[in-house]
Amino acid sequence: MSDSVAAPSRRRRVTPQSLLQGSGVLWFTIAAAGQWLFTYYILGAYIPRTASGDYSRWNETGLIEGYVQGDWLGNLGFISHVLLAALVSAAGVIQLLPMIRRKFPAFHRWTGRAYISVAVFLAIGGILLIWVRGTRLNDWAALGTTIDGLLILVTATFTLRHAMARRIDLHRRWAMRLFVVVSGVWFIRVAYMAWAIASGGAGMRRTLDGPTDILVPYLAFLVPLIVLEVYQKARDSRSAPFKLGVAGLILVCGGITALGLFGAWMMMWSPNILI
Ligand code: HEM
């Protein structure tokens, strides 16, 4: 008797909240696969070229400025930026997995410290590459990526401070913002390719100074940050229509992300992988 009464409450019911969470999980799964593909590209493209000793081959991947003869400091800064980028791309998704956080809290703490340190190194290094080494084709587009780098520093500080003060809910919210801005350069590639496929390249130029080329570095962190805030609001809200509307929005975002990833993999990443 008690079993038959208890059984329905144990069964998973489809509610606006569960649909919202399901859409979030679906988007995150697509993004995780995409971040690991990006990691595979970075390792598969740069490790064999670096190991060959002919560092000028870094430039085969279509960079603005990778290897420059005689600039050993800039070359070292570039390759450490690229190889550490593989680490954050692979680790970010693992860091956000609730199961890992719950089951291995000590692991989560240590990888979290490493993730934040590397993200800060990448942001400062990236800003130096742009403005000190001069790796930019266009000041406006470069400013967009620079703002993303500054947001990495801000969100990393809040994520760490809330974690140290054991304000776990705030820490979780800031960690998601940090993940979004650290993924900013990944979003640039995904957004760029999704737009190129959907519009046939409207507003894009080979010299990367078309209106789309300038807007994408800004939209690539602004849009995901806004969508994340709307998603958090919907999770906290009691309104079923709001939750369902946001679940639909996240599904659309999942479709756009998948399209952009397909394009990035086919046109930017897989042709440059040597292993
Ligand atoms: C935090 C996450 C970041 C990741 C995962 C990342 C990833 C990468 C990768 C993979 C490359 C090599 C280019 C390629 O093969 O596609 C690269 C280059 C570069 N990154 Fe980052 N990056 C990050 C952050 C930043 C930030 C915040 C900035 C600037 C503020 C930045 C500026 C640059 C610059 C200037 C280059 C050289 C691009 C070129 O020569 O064409 N990066 N980054």
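Order of appearance sets the numbers: ligands from 1, and atoms from 1 within every ligand. Quick caveat: nothing in here was measured; it's all calculated off a predicted structure.
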Between [X] and [Y], what is the ring plane arrangement, given parallel below 30°, perpendicular above 60°, and tilted in between?
X	Y	value
H162	F158	parallel
H108	H171	perpendicular
F187	W27	parallel

What do you reckon, does [X] put a non-hydrogen atom under 4.0 Å from ligand 1?
X	answer
S89	yes
R189	yes
V185	yes
W186	no

Check: of T145, T135, V118, L63, min heavy-atom distance to atom 37 (C) of ligand 1 comes from T135
Closest heavy-atom pair, L153 versus I124, reported as atoms and distance to 0.1 Å, is CD2-CG1, 4.1 Å
For H81, the N, O or S atom at the shortest distance from atom 21 (Fe) of ligand 1 is NE2
query = Thinking salt bridges, do E65 and R136 make one under a 4.0 Å N-O criterion?
reply = no
Does K233 pair with D236 as a salt bridge, N-O distance under 4.0 Å? no
From the list F38, W36, Y40, Y46, ring-ring contact (aromatic ring centres under 6.0 Å, His included) partner of W269 resolves to F38
Protein residue, atom and distance nearest to [atom], heavy-atom basis:
atom	answer
atom 12 (C) of ligand 1	V82 CG2, 3.6 Å
atom 28 (C) of ligand 1	G126 CA, 3.5 Å
atom 5 (C) of ligand 1	A85 CB, 3.5 Å
atom 36 (C) of ligand 1	L129 CD1, 4.1 Å
atom 14 (C) of ligand 1	Y41 OH, 3.4 Å
atom 35 (C) of ligand 1	I130 CG1, 3.5 Å
atom 2 (C) of ligand 1	V182 O, 3.2 Å
atom 40 (O) of ligand 1	E65 N, 2.9 Å

Between [X] and [Y], is any side-chain donor less than 3.5 angstrom from a side-chain acceptor?
X	Y	result
N75	R133	yes
S89	W186	no
D148	Y218	no
D54	S56	yes

Here the atoms of ligand 1 under 4.0 Å from any heavy atom belonging to Y46 are 12 (C), 13 (C), 14 (C), 15 (O)
Per-atom filter on ligand 1: closer than 4.0 angstrom to a heavy atom of G149 are 27 (C)
**Study point:** Close N or O approach (I64, ligand 1; < 3.5 Å)
**Key:** yes
- Message: Taking distance alone, with N or O pairs closer than 3.5 Å, would you say T146 contacts ligand 1?
- Response: no
Honestly, for I42 the part within reach of ligand 1 (heavy atoms, under 4.0 Å) is side chain
query: Is the CZ atom of F262 crowded by more than 12 outside heavy atoms at less than 6.0 Å?
result: no
